[in-house]
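Hydrogens, waters and symmetry mates play no part in the numbers below; they use all other heavy atoms, side chains included. Not measured: the values here are computed from a predicted model. Proteins come first, then strands; the chains are lettered A, B, ... in the order of their sequence lines, and each starts at number 1.
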Amino acid sequence: MDHKRRNGGPYKGGASQAKRGKTTGEWEDSPSQFEEELSMFDEAEMEAEEMEGQAGHDVIPVGDLFSADLNPRWRRPIAPSLDPLSDTLVFQQIDLDYYLVAGMPGQLQEKVPIIRMFGVTDSGNSVCCHIHGFAPYFYVPAPSGFTSDDLGEFKRELNSVVLKDMRSNKDNISVTVLAVDITRKESMYGYHGKRSLDFLRITMAMPRLIAPAKRVLEQGFKFGHFPINGYQSYEANIDFEIRFMVDSDVVGCCWIELPKNKYRVSLCQYEVDVGWTDFISHPAEGDWQRIAPLRVLSFDIECAGRKGIFPEADKDPVIQIASMVQRQGETEPFIRTVFTLQSCASIVGSQILCFTQEKQLLQSWAEFLRTVDPDIITGYNIQNFDFPYLLNRATVLKANLFSHLGRVRNMKSVLRDQNFQSKQMGRRENKITNIEGRVQFDLLQVLLRDYKLRSYTLNAVSFHFLQEQKEDVQHSIITDLQNGNEQTRRRLAVYCLKDAYLPLRLLQKLMCVINYMEMARVTGVPLTYLLSRGQQIKVVSQLLRQAMKQDLVMPVVKPEGGEDYTGATVIEPEKGYYSVPIATLDFSSLYPSIMMAHNLCYTTLLQKEDFIKTPTGDTFVKSSVRKGLLPEILENLLSARKRAKTELKKETDPFKRQVLDGRQLALKISANSVYGFTGAQVGKLPCLEISQSVTGFGRQMIEQTKQLVESKYTISNGYQADAKVIYGDTDSVMVKLGVATVREAMDIGTKAAEWISSHFTPPIKLEFEKVYYPYLLINKKRYAGLYFSASADMHEKMDCKGIETVRRDNCPLVANLINTCLQRILIDRDPQGAVAHAKEVISDLLCNRIDISQLVITKELTRTAQEYAGKQAHVELAERTRSLCWRTPFPSTHNTTWSSSCPSPC
DNA sequence: TAGTGAACCTAA
DNA sequence: TCAGTTAGGTTCACTA
């Protein structure tokens, strides 16, 4: 049966045909820009492929006839057959997890963990690799007098205590402790003369047995003739995946090679088994920095909600699912489909599959997803909306074939709740859907983590980054469009497609995949950790890797809040307006360089005796005695960053440039988060001696810098004027050098930075960064100025710090007003113009010429009137506006839509 | 009406 | 079972 209808011909014919099919309605007079974009894909593909019936814009009334072979593009390329005896298998690993299985050789009764890596080959074939033979373990110090003769007794007793400790033993476990070995290790916390001691390495049968074993050992454990003892445990709080990766030198998203003869093909296309010591992990360098042609699927669903009620999965049906699939590195999606409930008119450049039953639609879409087999799934708020909605809906409809979304056979995707709390991000409730082997890359989550925005709606975000917006369909009319005809449903489908397309575009524009991969490679954690976990795990991963080389082990510390420590100095500002150039000198990577310069580390901290004293009185050994792990990590990060930047300068290939830029960025961020890790009191390994010493050095340095610059650049030393530090914060000083031109300020600033640097221990370095001219210093952490750095002739931007223009808790009217005033003052050098503008806006406000329904008028506006409106106007305006200060309910940051542009003065 | 503390957001 | 740091400005509700 021919159930395909091809709208043949090139774009023009297709479009006109689509138009002819339309009925009346104001929105239908011409295809939207997005529709034209879609049709361009079609045209390009027709030329490239000269294939019939594939690139097309089909409408397929599917009914019960859905088949994964409806479109040959959906499937991955056919996998060339693999002979383990003669072929190596090389793939980029993108995610890994583990599962438990019984009946492995040597462990017939007990379950053992098996690491499972998912990845993609250069030719775009997907790989599932089972890695055998790696077991979880942790350490405790051996009690004094312990010898290898005691190992058996220790192991037996620990095993029995752990078994007893288990409340229920539903798996019928009889062996919990697999092995106990004596090994020479040293605690990484504190310097103790490089004395390695006997540690017991305790290997457990399963990851989840580590915690009870640790607990019984800590609480007081007795075995043989040894007295009862509370054991301090080491590395008992390391995620199993991280443990494996650290021990086998695997970093996130690295390339894995399975040598011939070392693996066996077990099931389907490239599902392989290998021993954990048999594979090769390639460091992400040179050619191994490349990225496999990953398949990225973006999707969006539409629901037919009831009027004014947010759709509920137990009542409101899913009516459309749009999907777009793109290969990483390519610029356009090669699959564009919409699954619709009921008929839908064709859309040039996309394939439409129409269903009569919602259950069929859902199950077919899941089948489509399995066929496409994406490595990365993206979309907007898919984590907390689309996936939960689809899964709940599938349950309601008893669509049992739906919920197998991962790459593991017989593994259902289920929902669970996660509560996440941190000082950095506040409380966050999230829903988690397990989809084994596919990385869920919800663009909303990426944006919430990485960008501070006024609004996080897809529309606002798309406008902000792409200057593009969603198709114009109000939520309230979705149900009406669905209940209309195939033309109204077509309009909905275009809208839905665009909502699937925009996340893909944003992902590309923001280079999320590349940047996150580089972060995973640099820090060593799996890609998924970067979106699901905090900052600490990245440092832990690096710390463990560095420590392992020196047989150092990481203690488990119990979280304990305590007194805060002193942070950085903010120099009291000499507030005012400066119509002369102000040079800014910055210490580059201040905290990392302090830690390197002074060898600050867990491993170098002296808890008693004498040695280097930090400003806070803490003591660390010099690097000649023992070089710290943290300085080593930081040196690696910063030198790798330098290399990346050098390579970046040489590289001409735009794609490789992106990778390198992502890399240097990840390296910088990683270096800066090491300090925060040591200061995180409720963290994996806090050490306030380190963090307070770092800030202590910082305070000394900023003070010394101020004194140096003010003592050298004086009239008595032959300079034009006495230099004056008018402000400084943490790692920077703003200096009024008393010169008239930006050029002079740059020259002196550069020389001063170099000279001052020579007073500090390398790699500490003060750099000339920029000149502000003019400069408006309002208060601590609040200033604005024209920014000169590359050229002395042209300012690059108006730099505003801490002022309302950059804060998200003001309405845009305030931000815009102040921004314009600052432009008048700094760029036009016309304070009267600022006054005039402020007056105008405020009087518009007073005369109700501005729609105030969405604005929040704060005292800041009044103050602005006072500050910028000059002497006479000041009193008058301030008084008139004060009475008008009121507050409309102020929505929280999330889901806030300000009117996209501020009403301009009328 | 001045002082205080919480909430929020930003600088670094 | 998980969470990077401190400094500091502004607004606003509350209190004596």
Between CG of Leu766(A) and C1' of dA12(B) the distance, given in whole Å, is 15 Å

One should read off an interatomic distance between Gln823(A) CD and Cys800(A) SG, to the nearest 0.5 angstrom, of 8.5 Å

Has Asn672(A) got a side-chain N or O lying under 4.0 Å from the OP1 or OP2 atom of dT5(C)? no

Whole-Å distance, Leu590(A) CG to dT5(C) P, equals 18 Å

Integer angstrom distance from the C1' of dA12(B) to that of dG4(C) = 14 Å

Classify Thr566(A) by what it touches in the nucleic acid, base, sugar-phosphate, or nothing, heavy-atom distance under 4.0 Å. sugar-phosphate

Q. Does Arg782(A) have a side-chain nitrogen or oxygen under 4.0 Å from the phosphate oxygens OP1 or OP2 of dT10(C)?
A. yes

Atom NZ of Lys538(A) and atom P of dT5(C) are separated, to the nearest Å, by 14 Å

Between CG of Leu453(A) and P of dT10(B) the distance, given in whole Å, is 10 Å

Of dT10(C), dT5(C), dG8(C), the nucleotide closest to the side chain of Asn779(A) is dT10(C)

inquiry  = Under 4.0 Å, heavy atoms only, any strand: does Val570(A) hit a base, just the sugar-phosphate, or nothing?
reply    = sugar-phosphate

* Asked: If you measure only the distance, is there a donor-acceptor pair under 3.5 Å linking the side chains of Asp450(A) and Tyr516(A)?
  -> yes

Tyr675(A) has its side chain closest, among dA3(C), dG4(C), dA11(B), to dG4(C)

(request) For the pair Tyr787(A) and Tyr772(A), name the ring-plane relationship: parallel under 30°, tilted 30 to 60°, perpendicular over 60°. (result) perpendicular

Considering only heavy side-chain atoms of Asp239(A), the closest of dC2(C), dA11(B), dC8(B) is dC2(C)

Separation of dG8(C) atom P from Lys575(A) atom NZ, nearest Å, is 12 Å

From the list Arg208(A), Lys684(A), Arg533(A), salt bridge (Lys or Arg N to Asp or Glu O under 4.0 Å) with Asp239(A) holds only for Arg533(A)

### Task
May I ask you to verify if any side-chain N or O of Lys780(A) is less than 4.0 angstrom from the OP1 or OP2 atom of dG8(C)?
yes

Out of dG4(C), dT6(C), dC9(B), minimum distance to the side chain of Asp564(A) belongs to dT6(C)

With a 4.0 Å cutoff (strictly under), does any side-chain N or O of Arg808(A) reach OP1 or OP2 of dC8(B)? no

For this session: Would you please say whether a donor-acceptor pair under 3.5 Å links the side chains of Thr616(A) and Ser693(A)?
Result: yes

Whole-Å distance, Tyr529(A) OH to dA3(C) P, equals 10 Å

Expected list for residues 685-706 of chain A near DNA chain C, using heavy atoms below 4.0 Å, is none

Q) Is Glu518(A) paired with Arg521(A) through a side-chain N to carboxylate O contact shorter than 4.0 Å? A) yes

Those residues at least two apart in sequence (or on a different chain) that pass side chain to side chain donor-acceptor pair (under 3.5 Å) with Tyr578(A) are none

Mind checking Tyr783(A) for me? I need base, sugar-phosphate or nothing, with any heavy atom below 4.0 Å counting as a touch. sugar-phosphate

Testing dG4(C), dC2(C), dA11(B) for proximity to the side chain of Asp729(A), the answer is dA11(B)

Worksheet item: Among side-chain atoms of Asn384(A) and Asn430(A), is any donor-acceptor pair under 3.5 angstrom?
Response: yes

For the pair Tyr602(A) and Tyr189(A), name the ring-plane relationship: parallel under 30°, tilted 30 to 60°, perpendicular over 60°.
tilted

Residue pair Gly683(A)/Gly567(A) against DNA chain C: nearer the 5' end by closest nucleotide is Gly683(A)

Between NZ of Lys668(A) and C1' of dA12(B) the distance, given in whole Å, is 11 Å

Review point. Does OP1 or OP2 of dA7(C) have a side-chain N or O of Tyr565(A) closer than 4.0 Å?
Key: no

By nearest-nucleotide position on DNA chain C, the 5'-leaning member of Ala211(A) and Gly676(A) is Ala211(A)

With the side chain defined as heavy atoms from C-beta on, Arg807(A) is closest, among dA3(C), dC8(B), dG4(C), to dC8(B)

* With heavy atoms under 4.0 Å as the rule, sort Val806(A) into base, sugar-phosphate or nothing. => sugar-phosphate

Ile537(A) CD1 to dC2(C) C1', in whole Å, measures 11 Å

#### Entry: N or O in side chain of Lys801(A) less than 4.0 angstrom from dA12(B) OP1/OP2
yes

